[in-house]
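These notes concern the structure reproduced below.
As the structure lists them, so they are numbered: ligands from 1, and atoms in each ligand from 1.
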Amino acid sequence: MLEPLNTLREIFQVAADLDEPGQLLELIVSRVRLALKAEVCSIYLLDAVEDCFVLKATEGLDKSAINQVRLPRGEGLVGYIAEHQALLNVERASTHPNFVFFPQTGEQAFESFLGTPIVHFRKLIGVLTIQKHAAEKFTLEQEAFAITIAAQLAGPLDQSLDNGDLHLRDERVPDVNIRFRGVKGASGLAMGKALWVKRKHTLAGIVDTRLADVSADRDADRDAEIQRFRVALSAAKEDLKEQKERMRGNLPKDVLALYGMYRMILEDRSLADEIETYIKAGWTAATALRKTVKNHARAFETMEDDYLKAKAEDILHIGQRVYAQLRGEEDDIAAVSGPTILVGADLSISDIAEFPTQHLAGIVCTKGSALSHLAILANALGVPAVLGVGELDPNRIDKAETILDGYRAIVIFKPVEQLQREYRKLLTQESALLKGLDALRDLPAETPDGTAITLLANTGLLADITPGLSRGAQGIGLYRSEIPFMMHESFPSEGEQVDIYRPVLEAYHPKPVCMRTLDIGGDKNLPYFVFTEDNPFLGWRGIRFTLDNSSIFLSQIRAMLRANIGLNNLSLLLPMISRLDEVLEFKQLLTEAVLQLESEGYEIVLPRLGIMIEVPSAMLILDQLAEHIDFISIGSNDFTQYLLAVDRNNVKVSQLYSWFQPAVLRGLKSVVTQAKALGLPTSLCGEMAADPAAVILLMGMGIDQLSMSAYTLPKTKWVIRSIPQSVAVSVWNEVQLMKTESAIRQRLTEVLEQHGLGGLIRAGAH
Ligand code: PEP
Ligand code: MG
């Protein structure tokens, strides 16, 4: 009996030890041929640029034909399979009308042919073929085996192709267009030279005993080494201070606070004493430092607590700084000129902070998600970023010309000239667009036929405040309070929170500021309060978490109320509401907070209260919720995700995530209509508010307010000022009858073009 899963298991086991990804193909063909007891097994992969299938591996045909046999789509049996995207099982291949004979393969000897397409998420990657001498059809069991193998290997093959590990061209063809897809960290386009952020003095580097010549160490001149260490330590302190000063204007206070922590470690006498003790025992300064850092970092690394674990990184970072001073090594960054795309395996906030802002064009990180600190910082700085791209080979990409497309979450290293020209054009269009949009800053967000829509900013970092105000935000529509919590090292105290919230309320005063209570869980975790769940998006999220941790919640509510004293521009927003009890329980806590504060002598004004419409159940009981709240804000990110049951961070299904699905549009319309009837002001604060095509529909549905990141605000204003409300209404009337997402997108693109907003599509800002 054929056992495809055993064969697959074997393939994966051996594949783990392969040096080169190309060997994976050889491994597959040899194992499949063996399992099917066939004479030949081959793999052809699609070269999308030339739209042809290339023989990439074979066991049984002449290997010199590899890379030489190229079949245009539709030609040959391989092309036939690709065109029909179906299995082909023929007794005599040469009698098939599509048969093409390639003498260099020596395939004339083989009669029967079995071929199956390799498809990953509807994308055709290649064709797997099996051939035998005898003129007899393959059995159904053999067919099933081939189909199973092709289906299971499609994913790994696609991944390797995406990473550029498998080349479709002859190896003589230059190494170009190395393309990676990640997740969107911050939107925007960038071009520049990649700079791989090296960890010259990594923990491994510093503590690796192989690096040290231990016997030579023992002969060190103790006094001279102590002196060297002290000079390096004070140089590192000076360097840290200078960097902090340099960054003061560019970085939010909360990020600058990291420097305080680094300084504390540098000034920690116990570390310095330990190093000097080692030196006195005869070790060189470098080895003494390495040993001490190793002791301390390892101690933290072994701790259970994630927060303390993270401390190891800080100690390491500081160790690296002193080590660099000791060795007097030049910093890569000092040599940087021109637009640069920072690339790294594990970029930290301080890597970005240390980089000269005038050269920072983009950020690429192998790790990270849409809500990681790096993404938050990139958004605050308005620097395009693509995160979570997976493994990168620094040797291949360091110093390479690079294109970063933050709209589509794509990075292309070593792009061919044609592609560079295309993106240069897009960049010029984008910057012209942004310059043009500056002029809109002080103009009202009003349609040509006089309908005004309030445009608000989404923030969470202090650094977000200035761009919001300078781009004409009429207030804050969504203050994500979990962001300062995420930047902190432990739950911030009530007093610390007052100091965080008050400057935000003051900066916008008298404009309204809508602060959302802590929304963690799902993909948003606090480094100091980590919990794991099988299904986090349906778990302990948002209001569920805060109601269960009422003392944390109470201190946040008290802090917000205190920060609002004398300003009265605060409103409160509750995330993830799915049932009425949650609102009622919150109101009890609110009353409790007010009574406590009043008894302490504070004069409290009750803020307006709103809820996020993210969970579909809230939409269905809006009439019951209405009497307890003052407004609603639609979180279109979660609303879309929950309505369609699609996790947008899961690449297997993320292509199904779209707010242009008729069901999502109907849901949104229902919320807007109900809210109008119930007299509830309605805002929308998800990504949809920054999508020009979607804005047309939201206008047509009659939404009052939109809230988005400061950098996207001018684009939305341009749409509102260009498209009359009457047009938006009639487009919505047309669209609500449409049944497919593609028809809806096409119609909206036409409308944008007709109103001179094509630039928004061409510059990728959709
Ligand atoms: C949303 O879900 O649309 C939203 C704005 O909230 P989040 O912070 O989860 O993106
Ligand atoms: Mg949400």
Residue Glu614 atom name (nearest to the Mg ion (ligand 2); N/O/S): OE2
Name, closest N/O/S atom of Asp638 to the Mg ion (ligand 2): OD2
Numbered atoms of ligand 1 (with element) below 4.0 Å of Asp638, judged on heavy atoms: 1 (C), 2 (O), 3 (O), 9 (O)
Side chain to side chain, Arg666 and Gln736, heavy atoms closer than 4.5 Å: no
Part of Glu687 with heavy atoms under 4.0 Å of ligand 1, whether side chain, backbone, both or neither: neither
Numbered atoms of ligand 1 (with element) below 4.0 Å of Gly635, judged on heavy atoms: 1 (C), 2 (O), 3 (O)
Test ring-ring contact (aromatic ring centres under 6.0 Å, His included) applied to Phe491 - qualifying residues, sequence neighbours left out: Tyr528, Phe529
Per-atom contacts, ligand 1 versus Met612 - under 4.0 Å to a heavy atom: 4 (C), 5 (C), 6 (O)
Heavy-atom side-chain contact between Ile476 and Leu456 under 4.5 Å: no
Aromatic ring proximity, centroids under 6.0 angstrom, Phe586 and Phe553: yes
Closest contact, heavy atoms only, Ile363 versus Ala378: CD1-CB, 4.1 Å
Which segment of Arg516 sits under 4.0 Å of ligand 1 when only heavy atoms are counted: side chain
Close-contact set for ligand 1 against Lys524 heavy atoms, below 4.0 Å: 7 (P), 8 (O), 9 (O)
Leu478 neighbourhood, listing ligand 1 atoms whose heavy-atom distance to it stays under 4.0 Å: 5 (C)
N-O pairing of Asp519 and Arg516 below 4.0 Å: yes
Neighbour count above 12 (heavy atom, 6.0 Å) for Arg747 CZ: yes
